[in-house]
Amino acid sequence: MEIRAAITKEKGSLSIEKAELTEPKATEVLVKIIASGICHTDAAGIQGLIPWVKYPMVFGHEGVGIVEEVGSAVESLKPGDRVGLTFPSCGTCSYCVNGAPYACDRVNELFFSGAYKDGTYRISQNGKNIGSFFGQGAFADHVIVDARNAVKIVGVPDEKIKYLCSLGCGVQTGAGAVLNRCRPEPASTLVVFGAGGVGMAAVMAAKIAGCVKIIAVDVVPERLELAKEFGATDTINAKEVSDVVAKIKDITGGGAHYSVEVSGVPSLSLQAIQCLRRLGTAVVSSVTGPAEISVAIEPMLMNPSVTFAGLTEGASNPQVFIPRLIEYFKAGQLPIDRLVEFYPFEDIQKGFEDSHSGKTIKPILLFD
Ligand SMILES: NC(=O)c1ccc[n+]([C@@H]2O[C@H](COP(=O)([O-])OP(=O)(O)OC[C@H]3O[C@@H](n4cnc5c(N)ncnc54)[C@H](O)[C@@H]3O)[C@@H](O)[C@H]2O)c1
Ligand SMILES: [Zn+2]
Ligand SMILES: [Zn+2]
């Protein structure tokens, strides 16, 4: 079928054009996109910062939509189902089978190469293959995804489905870092470095988990104010406080139990470790490229028995975790609708600009 898609033909380019979409294969579904979130990882891919990305590519990996057609082997979905799209995984490696698809052996290839599990493509233009980012390519009015990465949305009215885009990546990443990886015990203290889309979800999740001190660190006062509305008990403006680590130790009475670094600033990983108390855990989910930090193993990690963990996609098993997040959304405990601004698909460039400048926390493109 013919689709309209924002195609990146070379580094930095983005133009909405007509293209061809194939039929879904046995385990795949055809989805009409309602809305599609813009994530920093799309921007990184378009700017040529992800080494596995090949052009031409249709980016976009936070789509929500309606199933129009299902492949012959799909049992979990049927036409008419509302779905949230999320990251792909192979389904057969030991990590996938163990319920950790975020650590899939084929993660780099399936997220970034634009090809599907069998190495083939679904989009083309004049006979030339075009990749689908994250096995989605959701900057298009229709996509084909494997049923593994389409999560059925139940009990959400149609007019609210457009708010759920970032459950597929950004919100899943922030909320999952807290609920799936840190798993704070009652009365824990938790620090979030970076109060962007991912960080705000981490703050909301820390409140859900019952943390008694939730400290948001950022450099934009408006974002810190908003973080308070979502559950931050304390905020630190890193531009104004000269020693952020000392301030956190002061607020938490000796150091935080957990820290989540989602600012995209590599050097903050060090602060995320330094601000911990003994037995604390620091989780890093920023995509900061090949940046390096130096950590003194003995005094900083071993002696205080702290854990320094890297994480993708919030340690999420999406078919289990996204429905839970939808329940929190429905109960008003995950107010992610307050993070979004909507843009018509045609204004995709403006959505990227507003995300980059910080004007909009989560831009969402609408399709009609
Ligand atoms: N690991 C994953 O699976 C995954 C998934 C999605 C996003 N990410 C990454 O997570 C990071 C955050 O994404 P986002 O969409 O929330 O980005 P964002 O730009 O909305 O948020 C980053 C925040 O950090 C703040 N910040 C900048 N400098 C700071 C400093 N020195 N101290 C404290 N705060 C500072 C910014 O003001 C901003 O509010 C990005 O690096 C993104 O690529 C990772
Ligand atoms: Zn796998
Ligand atoms: Zn993303």
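Counting starts at 1 for both ligands and their atoms, following the listed order. Every value quoted in this text rests on a predicted model; they were computed, and no experiment measured them.
A salt bridge between Arg4 and Glu346 is present, with a side-chain N of the basic residue lying under 4.0 Å from a carboxylate O of the acidic one. Here Arg324 does not pair with Glu327 in a salt bridge; the nearest charged N to carboxylate O distance is not below 4.0 Å.
Counting heavy atoms from C-beta on, the side chains of Tyr258 and Val191 never come closer than 4.5 Å. In this structure, the side chains of Leu85 and Asn149 stay at 4.5 Å or more apart for every pair of heavy atoms.
For the atom pair CD1 of Ile322 and OG of Ser316, the computed distance is 5.5 Å after rounding to the nearest 0.5 Å. Here the SG atom belonging to Cys93 is positioned 9.0 Å from the CZ atom belonging to Arg106, to the nearest 0.5 angstrom.
Here Ser263 has heavy atoms under 4.0 Å from ligand 1 in both its backbone and its side chain. When non-hydrogen atoms are compared, ligand 1 lies under 4.0 Å from the side chain of Cys169 (C-beta onward) but not from its backbone.
Residue Leu311 approaches ligand 1 through these ligand atoms, each under 4.0 Å from one of its heavy atoms: 1 (N). Ligand-side atoms of ligand 1 in range of Arg223: 20 (O), 38 (C), 39 (O), range being under 4.0 angstrom from any heavy atom. Atoms of ligand 1 found under 4.0 Å from any heavy atom of Gly196, numbered from 1 in the order shown, are 16 (O), 18 (P), 20 (O), 21 (O), 23 (C), 39 (O). Set against the non-hydrogen atoms of Val220, the atoms of ligand 1 under 4.0 Å away are 37 (O). Atoms of ligand 1 lying under 4.0 Å from at least one heavy atom of Thr312, given by number and element, are 1 (N), 3 (O).
Considering Ile236, Asp42, Thr173, Val198 only, the shortest heavy-atom separation from atom 16 (O) of ligand 1 involves Val198. Nearest-residue assignment for atom 3 (O) of ligand 1 (options Gln271, Lys362, His40, Glu313; heavy-atom criterion): Glu313.
Classified by interplanar angle (parallel below 30°, tilted 30° to 60°, perpendicular above 60°), the ring pair Trp52/Phe112 is parallel.
If you put the vertex on the Zn ion (ligand 2), SG of Cys90 and SG of Cys93 sit 110° apart, to the nearest 10°. For His61 atom NE2 and Cys39 atom SG, the angle they make at the Zn ion (ligand 3) is roughly 110°, to 10 degrees. The angle that Cys104 SG and Cys96 SG make at the Zn ion (ligand 2), rounded to 10°, works out to 100°.
For Asp218, a nitrogen or oxygen atom sits less than 3.5 Å from a nitrogen or oxygen atom of ligand 1, counting backbone and side chain alike. Ligand 1 has an N or O atom lying under 3.5 Å from an N or O atom of Gly197, backbone or side chain.
In this structure, Ile361 does not count as a contact residue of ligand 1, since none of its heavy atoms falls inside 4.0 Å of the ligand. Between Val244 and ligand 1 there is no heavy-atom distance shorter than 4.0 Å.
Results of the salt bridge (Lys or Arg N to Asp or Glu O under 4.0 Å) test with Glu229 over Arg223, Arg338, Lys207 single out Arg338 as the only residue that passes.
Within the cation-pi definition used here (under 6.0 Å to the ring centroid, within 45° of the axis), Lys162 qualifies as a partner of Phe342.
Inspection of the Thr252 and Arg277 side chains reveals no N or O donor paired with an N or O acceptor under 3.5 Å.
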